[in-house]
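Each chain gets a letter, A, B and so on, in the order the sequences are listed, and its residues count up from 1.
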Amino acid sequence: MTNPPPHTTHTTKHGTDMPDQSQHPSFRYTAQLARDIETRWQQYWSESNTFRQPNPGDSDFDVNKPKFYCLDMYPYPSGAGLHVGHPEGYTATDIVSRYKKLTGHNVLHPMGWDAFGLPAEQYAITTGVHPAITTKNAIETFKRQLQRFGFSYDWNREVSTIDPDYYRWTQWIWLKAYHAWYDTNQDRARHVDELINELEAGTICVGCEDAIVHTSNEESSADDVRSWRDLDPQEQRRFIDNHRLAYLDEQMVNWCPKLGTALANEEVIDGKSERGQHPVYRKPLKQWMFRITAYADRLLNDLADLEWPESTLAMQREWIGRSEGAEVDFPLAEAPDDPTKTLRVYTTRPDTLFGATFMVVAPEHPLIEDVLKNPRQETDVDALRTYVEQARHRSDLDRMAESKEKTGVFTGIYAINPVNNSNIPIWTADYVLMGYGHGAIMAVPAHDQRDHDFARAFDLLITQVITGGEVDIRDEAWAGDGVSINSANTENGIDINNLPTEQAKEKITAWLEEKNIGKAKVNYKLRDWLFSRQRYWGEPFPIVFDQNGNHYAVDEEHLPVLLPEMEDYHPIESDDPQPLLAKATDWVHTTAGEAGVSPDVLDPAETVIRETNTMPGWAGSCWYYLRFCDPRNNDRLAGQDAERYWMTGAVDDKQATSAGVDLYIGGAEHSVLHLLYARFWHKMLYDLGEISTSEPFIRLFHQGLITSFAYQRADKSLVPTDDVEEIGEDKFVEKANGKPVTQVTAKMSKSLKNVINPDDIIHDFGADTFRLYEMYMGPLEATKPWNTRDIVGVYRFLQRVWRLVINEETGELMLQDQHDDQLERALHRTIAKVGSDIDRLAMNTAIAAMIEWTNQAIKVGRLTADQLERFAIILSPFAPHIAEELWSKLGHESSITQATWPTVDETMLQDETIELPVQIKGKVRSRINVAPDADQKTIEEEALKDPRIQELIADKAVRKVIVVPGQIVNIIV
RNA sequence: GCCGGAGUGGCGGAAUUGGCAGACGCGCCGGAUUCAAAAUCCGGUGCCAGUUGAUGGCGUGAGGGUUCGAGUCCCUCCUCCGGCACCA
């Protein structure tokens with residue numbers, strides 16, 4: 001530990017910056033002094049490596065302290081630099097981290113850069129500079145800005161997703177998924193070799209459509225199951241490839257010609273790209289996918305154990321979209337006895353089967369293709385073809401623009417409703433989506449509003465089969481629960497009449513299963529995750545293809561597969577999907593040996609081509625919190641001891657204390673995408689034995705959006721915030737011409753001209769004030785408007801603290817020996833409150849408590865050294881620089897971060913007497929002073945003795961006295 | 001439409017478990033300091049009535065309810081923010 005810096009009077013050195021310096025005492029807490037103190041301490045922290053946190057195994061690691069992993073969502077380093085939203089969450093985690101350190105924890109508080117991805121590439125394209133350079137510059141700016149806030153990050157652990165030492169492990173994790181399959185019997189992922197072993201041993205056979213059939217489950221009927229030996233090598237390869245967790249598949253993708261890439265469903269909003277709002281079209285393309293759907297149930301169920309915001313839990317549940325229902329096979333009327341010619345549907349309401357009066361299939365449904373090839377008697381081929389073509393070419397955007405007016409065409413085919421044997425027509429309509437269920441529905445117009453709308457539009461039969469609700473079934477559907485009616489058929493032996501919905505569902509599902517025409521089925525909205533991007537600025541896949549199009553993994557030892565240097569990285573803007581890396585021809589065409597494919601799998605001399613897609617921006621952020629545990633490890637994604645310690649607290653013979661990152665703070669915009677993807681990767685790595693916990697983040701918190709005032713002219717055009725002057729209550733004018741403008745609150749954005757630059761605020765007030773202001777604005781989770789006018793409140797607070805103890809002429813401490821008893825008790829209360837407020841992330845009330853105490857202290861006069869010491873410690877998480885300065889003035893040679901959080905004496909938490917309000921019939925009429933531990937009887941006597949109360953109840957009979965000790969007295973007359 | 005959250009002074013907000021509504025800060029008003037201004041400091045500040053004061057009444061989006069007591073719990077409704085949305 002080096003000595004703290006001397007207290008040089010930088011005020012004189014930089015006196016020229018402040019012409020009126022001579023008029024002021026030299027040691028007044030001005031913005032200038034704040035800047036001085038702050039930069040001096042930041043330099044000290046950096047030089048002394050103050051925030052370094054040792055790992056298990058390091059000589060200075062303290063095994064006796066509990067661990068706390070406090071994580072920020074690392075930023076995307078854009079060229080624009082930090083905005084005021086960044087430091088909001090970062091200040092909160094910094095307060096918690098510093099507090100945890102002071103309360104004796106080993107604290108992991110890291111920071112890094114999410115630097116791959118679309119925006120960096122597009123920024124590079126617009127500026128004409130290579131993304132590697134623009135990104136490096138942006139990172140430097142971000143880092144410099146973050147350090148200016150005095151955040152206590154352990155910069156030794158800094159990681160960047162574009163660093164080959166980092167993305168080597170991103171590729172490694174992807175390979176893990178590539179080499180894994182999901183065993184539904186054990187409900188976990190396993191290595192593909194184990195699948196092959198089981199296939200060879202015969203415990204697993206190959207079912208129809210390459211399904212995995214566990215022979216022990218007896219679910220197989222002998223005729224449609226084949227054994228592994230019966231497959232030829234190409235079939236075997238296909239079987240394995242079809243079960244990898246990372247697999248190649250031809251998908252209808254969201255193709256964005258403007259961005260020149262396919263996008264995940266999650267990245268498409270209202271038919272436009274999330275980035276840039278460009279139109280997106282549907283197009284078939286061979287893509288790498290992740291089998292996230294295998295984890296649907298676990299991703300859903302494990303939400304129960306997480307301390308996450310209710311809204312985020314709800315959004316994840318909705319995204320996974322689990323629903324319970326039944327699958328039903330409807331025979332076709334043209335081939336009633338052919339079990340291969342049925343129309344399979346999914347329904348959540350099997351109890352309404354008797355009300356199914358028609359069926360609808362998606363325009364992309366295979367049945368439509370069949371009908372167009374072999375039209376039936378009633379098929380209007382032209383109408384059908386036109387409709388299907390339209391639906392195919394219509395982008396999602398167009399669909400959104402239209403109303404939900406129902407359109408559709410009759411196919412000419414009829415199905416048989418299996419419960420009552422009636423012939424029902426099969427229609428096609430675009431309100432049925434191919435991607436959900438089986439792309440086909442049984443329509444129950446009486447009890448589903450969409451089917452009702454459709455039936456009304458095309459004059460189809462509406463049959464009521466549920467009572468309940470007060471709606472007229474001719475006007476609208478009744479979709480709620482009720483009691484089944486018109487739902488019996490003796491011929492088929494089914495009767496669910498008079499059963500409430502739940503029981504009706506059970507009974508009819510059992511009947512379907514017995515007749516072998518349906519079964520209970522759980523469905524999810526969650527789809528597999530499209531993981532290929534056709535861009536340059538991302539991680540290359542560690543994969544090559546041979547001449548036949550078979551794919552082979554690059555061996556682990558040959559990672560990373562480096563992103564090739566390219567001169568021309570502009571996108572190939574096209575309707576015909578082409579990955580950008582295809583331009584790097586020298587890199588693309590190589591040999592198996594050169595690429596690093598194991599000679600056991602492929603002859604090293606074999607010519608191969610590399611995969612030219614890259615991974616999406618999400619890849620790096622799916623696991624960065626694991627890398628922070630041990631960021632320089634060259635043998636693993638993180639050393640096992642380090643990973644286990646930071647994620648669970650277990651080390652040596654110490655037991656696990658938690659199950660993941662203890663606190664994760666970031667924006668609510670990541671409620672689904674990042675947080676779902678990261679949970680998925682985490683569970684995969686957990687299944688494969690690479691990490692210790694089944695969930696990554698125990699406690700999650702979203703900081704609220706910081707909005708800002710924007711100003712509009714009468715014609716709605718915007719005026720920059722700086723060009724506006726307030727001339728009276730809620731009256732604002734444009735400085736240039738004095739014309740009135742109106743104030744609106746909106747998200748900060750360049751286009752609204754209402755962006756606040758953190759650098760300016762730090763220059764005008766200092767980082768300590770900035771940190772305090774953002775924490776004091778309101779609850780951390782709330783959306784709050786930035787108001788520069790209010791900053792002075794917390795600035796004055798720091799000035800008062802300073803002046804309370806510092807002689808502004810000499811810079812010397814002013815203290816006294818004897819403490820004031822009331823103030824001492826108040827200090828204990830404040831210490832307790834600040835601690836518990838930090839624990840519940842109520843930074844605003846913690847600061848209010850410190851202000852309150854300071855105001856009280858000013859009235860008292862002076863502090864003792866001991867009081868200042870304790871106050872400096874509780875202030876230090878919030879305003880670390882001024883706290884360090886006071887701490888060193890108190891004579892300490894080491895940093896205040898080495899201090900110990902002051903202890904609270906329980907007996908000091910209350911004053912010797914407390915004031916209790918006395919109510920008469922619920923209205924406060926007087927107050928009495930009693931001992932804090934006074935019993936009910938004493939309090940009641942005191943209350944009734946009170947002169948004011950005596951006066952008011954003189955002529956009335958007291959019926960009852962309610963005494964809540966320590967709280968209140970209520971007299972009922 | 002469905003899901004999640006929120007409505008409290010002129011403004012940001014506090015009240016952690018049903019117990020003094022409005023902590024703390026901004027702004028505003030008055031005063032000190034200053035030649036003056038800025039900055040800073042001290043005092044006041046929910047609304048209405050009361051000449052001042054004591055004091056009284058009203059008051060947490062609206063209406064009703066439970067309770068000795070409701071910002072907090074229950075019912076009905078309104079508004080705003082965020083998310084999802086033809087998912088069968």
Side-chain angles (χ1 to χ4, degrees), chain A residues 20 23-24 28-30 270 309-315 317-319 321 323 325 345-349 352 360 399-400 404-406 429-433 435-444 447-451 453-454 479 523-527 668-669 671-672 702 704-705 707 726 729-730 772-773 776-779 781-787 789-797 799-800 803 808 833 836-837 839-840 842 844-852 855 858-859 915-924 927 959-964 966-973:
Chain A
D20 56 349
Q23 298 173 21
H24 289 295
R28 173 172 275 193
Y29 189 82
T30 57
D270 293 352
E310 203 47 55
S311 59
T312 299
L313 293 173
M315 281 163 74
R317 278 190 212 105
E318 273 174 33
W319 191 263
S323 71
V345 302
Y346 174 73
T347 177
T348 54
R349 292 297 298 272
T352 62
V360 186
R399 281 200 198 181
M400 290 302 298
K404 287 179 182 172
E405 204 69 18
K406 292 290 179 289
D430 63 6
Y431 83 93
V432 174
L433 310 173
Y436 185 78
H438 301 283
I441 61 157
M442 62 177 217
V444 184
H447 304 292
D448 182 287
Q449 194 55 47
R450 293 154 303 179
D451 298 344
D453 294 344
F454 195 80
N523 239 334
Y524 301 91
K525 287 190 209 170
L526 185 70
R527 312 292 158 77
E669 68 273 19
S671 293
V672 179
H702 299 307
L705 195 67
T707 57
E726 185 169 4
E729 262 180 61
D730 291 324
L772 279 174
Y773 173 64
Y776 192 60
M777 287 171 78
E781 69 275 21
T783 301
K784 309 164 278 272
W786 178 278
N787 196 346
R789 187 182 76 182
D790 290 344
I791 298 175
V792 71
V794 285
Y795 183 53
R796 284 177 191 155
F797 161 57
Q799 289 180 320
R800 285 200 299 275
R803 198 172 45 246
E808 293 188 337
K833 178 159 176 61
S836 65
D837 278 358
D839 277 329
R840 60 188 188 99
N844 53 335
T845 51
I847 294 166
M850 290 189 286
I851 295 175
E852 223 174 331
N855 291 346
I858 286 168
K859 288 203 177 71
E915 196 181 66
L916 284 193
V918 181
Q919 297 180 329
I920 295 175
K921 289 192 4 189
K923 289 193 193 305
V924 179
R927 290 164 197 286
R959 290 211 310 241
K960 196 174 173 188
V961 180
I962 288 141
V963 177
V964 185
Q967 296 280 357
I968 207 161
V969 182
N970 194 3
I971 299 167
I972 315 302
V973 291

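Of the side-chain N and O atoms in A/Lys921, none sit less than 4.0 angstrom from OP1 or OP2 of B/U67. Dashed line: the shortest gap from a side-chain N or O of A/Asn844 to OP1 or OP2 of B/A14 is under 4.0 Å. Distances shorter than 4.0 Å separate none of the side-chain N or O atoms of A/Thr312 from OP1 or OP2 on B/G4. Distances shorter than 4.0 Å separate none of the side-chain N or O atoms of A/Tyr776 from OP1 or OP2 on B/G25. Contact annotation: A/Arg800 side-chain N/O to B/G25 OP1/OP2 distance is under 4.0 Å. Taking 4.0 angstrom as the limit, A/Asn787 places none of its side-chain polar atoms (N or O) nearer than this to OP1 or OP2 of B/G27. For the OP1/OP2 pair of B/C26 and a distance below 4.0 Å, the side-chain nitrogens and oxygens of A/Arg796 include at least one atom meeting the criterion.
Listed candidates were B/G43, B/C84, B/U40. Nearest to the side chain of A/Glu318 is B/C84. In the set B/C3, B/A88, B/G19, B/A88 carries the atom at the smallest distance from any side-chain atom of A/Thr347. Taking the side chain of A/Gln919 as heavy atoms from C-beta on, and the options B/C3, B/A88, B/C20, the nearest nucleotide is B/C20. The side chain of A/Glu852 lies closest to B/C24, out of B/A15, B/C24, B/C86. Comparing B/C68, B/A88, B/A14 by their closest approach to the side chain of A/Ile962 singles out B/C68. Comparing B/G4, B/G25, B/G19 by their nearest atom to the side chain of A/Ser311 picks out B/G4. Counting only heavy atoms from C-beta on, A/Arg803 has its side chain closest to B/C41 among B/C41, B/C86, B/C26. Counting only heavy atoms from C-beta on, A/Arg840 has its side chain closest to B/A15 among B/U40, B/A15, B/C68. Picking from B/U40, B/G13, B/U16 the nucleotide with the shortest atom distance to the side chain of A/Val792 gives B/U40. Relative to the side chain of A/Glu310, the nucleotides B/C26, B/G5, B/G19 differ in distance, and B/G5 lies closest.
Checking side-chain atoms of A/Asn523 against main-chain N and O of A/Ser323 turns up no donor-acceptor pair under 3.5 Å. The main-chain N or O of A/Gly325 is found under 3.5 Å from a side-chain atom of A/Tyr346 such that the two form a donor-acceptor pair. Between the A/Tyr795 side chain and the A/Tyr773 main chain, no donor and acceptor come within less than 3.5 Å of each other. Without hydrogens or angle criteria, A/Glu808 side chain to A/Arg28 main chain gives no donor-acceptor distance under 3.5 Å.
Taking the C1' atoms as reference points, B/U72 lies 16 Å from B/G61, given to the whole Å. Taking atom C1' in both B/A15 and B/G83, the straight-line distance is 30 Å, to the nearest Å.
Judged by Watson-Crick or G-U wobble contacts below 3.5 Å, the nucleotide B/G1 has B/C84 as its partner. Under the Watson-Crick or G-U wobble criterion, with both distances below 3.5 Å, B/G19 is paired with B/C68.
Counting non-hydrogen atoms under 4.0 angstrom, A/Asp837 reaches a base of the nucleic acid. Backbone-only contact: A/Gln799 has heavy atoms under 4.0 Å from sugar-phosphate atoms and none from a base.
Both A/Lys784 and A/Val924 lie close to RNA chain B; mapped to their nearest nucleotides by heavy-atom distance, the more 5′-ward contact belongs to A/Lys784. Heavy-atom nearest nucleotides on RNA chain B were determined for A/Ser323 and for A/Ala842, and the one closer to the 5' end corresponds to A/Ala842.
Rounded to whole angstrom, the span from the NZ atom of A/Lys525 across to the P atom of B/C86 amounts to 9 Å. Here B/U72 presents its P atom at 18 Å from CD of A/Gln967, a figure rounded to the nearest Å.
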